[in-house]
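Let me begin by presenting the structure, written as structure tokens, before commenting on it.
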Amino acid sequence: MRYGADPQALLDWYDTHARDLPWRVSPRDRAAGERPNPYRVWLSEVMLQQTTVAAVRGYFERFTKLWPTVGDLAAAEDAKVMGEWAGLGYYARARNLLKCARVVVAEHGGRFPETRAGLRALPGIGPYTAAAIAAIAYDQPEVVVDGNVERVMARLHDIRTPLPMAKPELTAAAAALTPRRRPGDYAQAVMDLGATICTPKSPACGVCPWMGACAARMAGTASELPKKTAKAAKPVRLGYAYVAQRADGALLLERRPDRGLLGGMLGWPGSDWSVAPEPAPPVAAEWRMLEAEARHTFTHFHLRLRVCVADVGARVQPCRGEFRPRQEFRPSELPTVMRKVFDLAQGALENGC
DNA sequence: AAAACGTGGGC
DNA sequence: TGCCCAAGTTT
């Protein structure tokens, strides 16, 4: 009979191996009484949804420098926030981020709710994020279940049922381990364990604080867990994108509608994206279609965009989009697929070919 | 409740 | 190159 995993053993490991992250209070400082800033915890948790720490760092630094408090963020212009989020993906997060900030200011006096249920009611905060904020910011013993926790629990108990079917079992396993003491540090400790030792591919079982309790290590199945049901193949969609430039350098840009793919983001006017799209130039001009196409893969399809460029007159009236002075445009405001289009178009517009 | 929703890095 | 993966939420 082996011993079960001990939360305290993980907390001991965390005390010496915690990652140093800009939104985190170190276990040492936490023990000395320092509290995490709920605004920073919330912002980091939303940014980290389905997104790596490496990708988030820079965005977190820029956001907190521009908007140090939830009140600052709530007062920001939508376009500015969407532009700062560009490149991070899942843009509904940014739209909900603003909604949430404004609700917190308007209905909660600028302070985040301190309970899981109160947090869960806010835009963009689901079961995971509500529990994570309650645990990390307010040290409440909530059961935090994210992808890391699922992987660690699946291995600890050698659970071979594929996700998402295994979810209830994994949640129960996580609940059984969540401690009453230091639940905030514990939640972060499991995530650090998942990110640095109990990794998806080649877990470093030899240095794991829970190796003695791990059923998958015993069975030799760790690197194969958790099992996941196979995903559907991605279809290919095609489309046209149009980059119009005036002699003064102004570019024709379009704000996308507030819902759906890339909702609320800046982009180039274009056709729909489908199997057989119709060309849809936003203004009459001598369009030149580039040899190269912009290729991009979204969550559920591959996209190939034909890129068309044109130099247009000073007074043309586009049927879609608005001209933006070149000085007021930064490619970093664009979602990645649109930045790829711009990179291709820029070369063509410079050569005038 | 299944599907929509981004992106960059690793192998 | 292509597929898998990362601190999920919404409809």
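In the text below, chain A, chain B and the rest are named by the order of the sequence lines, each starting its count at 1.
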Practice problem: Could you check Lys201(A) against Ala195(A) and say which one's nearest nucleotide on DNA chain C is further toward the 5' end? | Solution: Lys201(A)
Practice problem: Scan Thr336(A) against the nucleic acid and name what it touches under 4.0 Å (heavy atoms): base, sugar-phosphate only, or nothing. | Solution: sugar-phosphate
Self-check item: Under-4.0 Å salt bridge between Lys80(A) and Glu84(A)
Solution: yes
Exercise. Select base, sugar-phosphate, or nothing to describe what Arg339(A) touches, counting heavy atoms under 4.0 Å on all strands.
Key: sugar-phosphate
Quiz item: What pairs of residues pass the salt bridge (Lys or Arg N to Asp or Glu O under 4.0 Å) test when at least one of them lies in residues 231-240 of chain A, not counting sequence neighbours?
Solution: none
Practice problem: Mind calculating the distance between CD (Gln49(A)) and P (dG8(B)) to the nearest angstrom? | Solution: 18 Å
Quiz item: Under the salt bridge (charged side-chain N to carboxylate O under 4.0 Å, His left out) test, which residues partner Asp12(A), sequence neighbours left out?
Solution: none
Quiz item: Is the Lys NZ or Arg CZ of Arg62(A) less than 6.0 Å from the centre of Tyr59(A)'s six-membered ring, within 45° of the axis?
Solution: yes
Exercise. Using heavy atoms and a sub-4.0 Å distance, could you list which residues of residues 53-71 of chain A are near DNA chain C? By number, please.
Key: Val53(A)
Quiz prompt | Pairing of Arg256(A) and Glu254(A) as salt bridge, 4.0 angstrom limit | solution = no
Quiz item: Can you list the residues that meet the salt bridge (charged side-chain N to carboxylate O under 4.0 Å, His left out) rule with Asp15(A), with sequence neighbours excluded?
Solution: Arg182(A)
Quiz item: When hydrophobic residues are tied together by side-chain contacts of less than 4.5 Å, even through go-betweens, does Phe63(A) share a cluster with Val103(A)?
Solution: yes
Quiz item: Once you round it to whole Å, what is the distance between P of dG6(B) and NZ of Lys340(A)?
Solution: 14 Å
Self-check item: side-chain hydrogen bond (donor to acceptor under 3.5 Å, both in side chains) partners of Arg330(A), counting only residues at least two apart
Solution: Ser332(A)
Below 3.5 Å is the cut-off: list the nitrogen or oxygen pairs between protein and nucleotides 3-5 of chain B, distance only.
unit_1, atom_1, unit_2, atom_2, d
dC5(B), OP1, Leu261(A), N, 3.3
dC5(B), OP2, His300(A), NE2, 2.7

Practice problem: Using only side-chain N and O atoms of His296(A), determine if any of them is under 4.0 Å from OP1 or OP2 of dG6(B). | Solution: no
Practice problem: Among dC5(C), dT9(C), dT7(B), find the nucleotide with the atom closest to the side chain of Pro127(A). | Solution: dT9(C)
Self-check item: More than 12 heavy atoms of other groups within 6.0 Å of Arg320(A) CZ
Solution: yes
Practice problem: Kindly say if Gln50(A) contacts the phosphate of dG8(C), meaning a side-chain N or O under 4.0 Å from OP1 or OP2. | Solution: yes
Practice problem: List for me each residue that meets side-chain hydrogen bond (donor to acceptor under 3.5 Å, both in side chains) alongside Arg116(A), sequence neighbours excluded, and say none if there are none. | Solution: Glu142(A)
Exercise. Using heavy atoms and a sub-4.0 Å distance, could you list which residues of residues 18-29 of chain A are near DNA chain B? By number, please.
Key: none
Exercise. Share the residues that join Met211(A) in a hydrophobic cluster, the rule being Ile, Leu, Val, Met, Phe, Trp or Tyr side chains under 4.5 Å apart at the heavy-atom level.
Key: none
Self-check item: Sidechain-backbone polar pair: Trp268(A) side chain, Leu252(A) backbone, donor-acceptor under 3.5 Å
Solution: no
Quiz item: Taking Thr51(A) for the side chain and Gln49(A) for the main chain, is one N or O donor matched with an acceptor at less than 3.5 Å?
Solution: yes
Quiz prompt | Integer-rounded Å distance: dG8(B) P and Leu88(A) CG | solution = 10 Å
Quiz item: In Å and rounded to the nearest 0.5 Å, what is the CG to CD distance from Leu88(A) to Gln50(A)?
Solution: 12.0 Å
Quiz item: Of the nucleotides dC4(C), dA6(C), dT7(B), which one has an atom closest to the side chain of Lys228(A)?
Solution: dA6(C)
Quiz item: What nucleic acid atoms does Gly263(A) come within less than 4.0 Å of, heavy atoms only: base, sugar-phosphate, or nothing?
Solution: nothing
Exercise. Tell me which residues in residues 134-147 of chain A put a heavy atom below 4.0 Å from DNA chain C, sorted by number, or none.
Key: Asp146(A), Gly147(A)
Quiz prompt | Value in whole Å for how far the C1' atom of dC5(C) lies from CG of Leu48(A) | solution = 15 Å
Practice problem: Give, ordered by number, those residues of residues 115-126 of chain A having at least one heavy-atom distance below 4.0 Å to an atom of DNA chain C; if nothing qualifies, reply none. | Solution: Arg120(A), Pro123(A), Gly124(A), Ile125(A), Gly126(A)
Self-check item: Sequence neighbours excluded - salt bridge (Lys or Arg N to Asp or Glu O under 4.0 Å) pairs with any residue from residues 192-204 of chain A
Solution: Arg19(A)-Asp192(A), Arg24(A)-Asp192(A)
Exercise. Take the protein atom CG of Leu303(A) and the nucleotide atom C1' of dG6(B), then report the distance between them rounded to whole Å.
Key: 12 Å
Self-check item: First encountered from the 5' end of DNA chain C, between Asn96(A) and Thr52(A)
Solution: Thr52(A)
Quiz item: Roughly how many Å is it from NE2 in His302(A) to P in dT1(C), rounded to a whole number?
Solution: 13 Å
Self-check item: Ring centers of Phe298(A), Trp273(A) separated by less than 6.0 Å
Solution: yes
Quiz prompt | Under 3.5 Å: donor-acceptor pair, side chain of Tyr39(A), backbone of Pro68(A) | solution = no
Exercise. Mind calculating the distance between CZ (Arg256(A)) and P (dG6(B)) to the nearest angstrom?
Key: 9 Å
Quiz item: Within the structure shown, what part of the strands sits under 4.0 Å from Arg151(A) by heavy-atom distance: base, sugar-phosphate, or nothing?
Solution: sugar-phosphate
Quiz item: Has Thr129(A) got a side-chain N or O lying under 4.0 Å from the OP1 or OP2 atom of dT9(C)?
Solution: yes
Quiz item: Leu305(A) versus Glu293(A): any side-chain heavy-atom pair under 4.5 Å?
Solution: no
Quiz item: Is Lys234(A) near enough to dC3(C) that one of its side-chain N or O atoms lies under 4.0 angstrom from OP1 or OP2?
Solution: no
Quiz item: Expressed in angstrom and rounded to an integer, what is the separation of Leu97(A) atom CG from dG8(C) atom P?
Solution: 16 Å
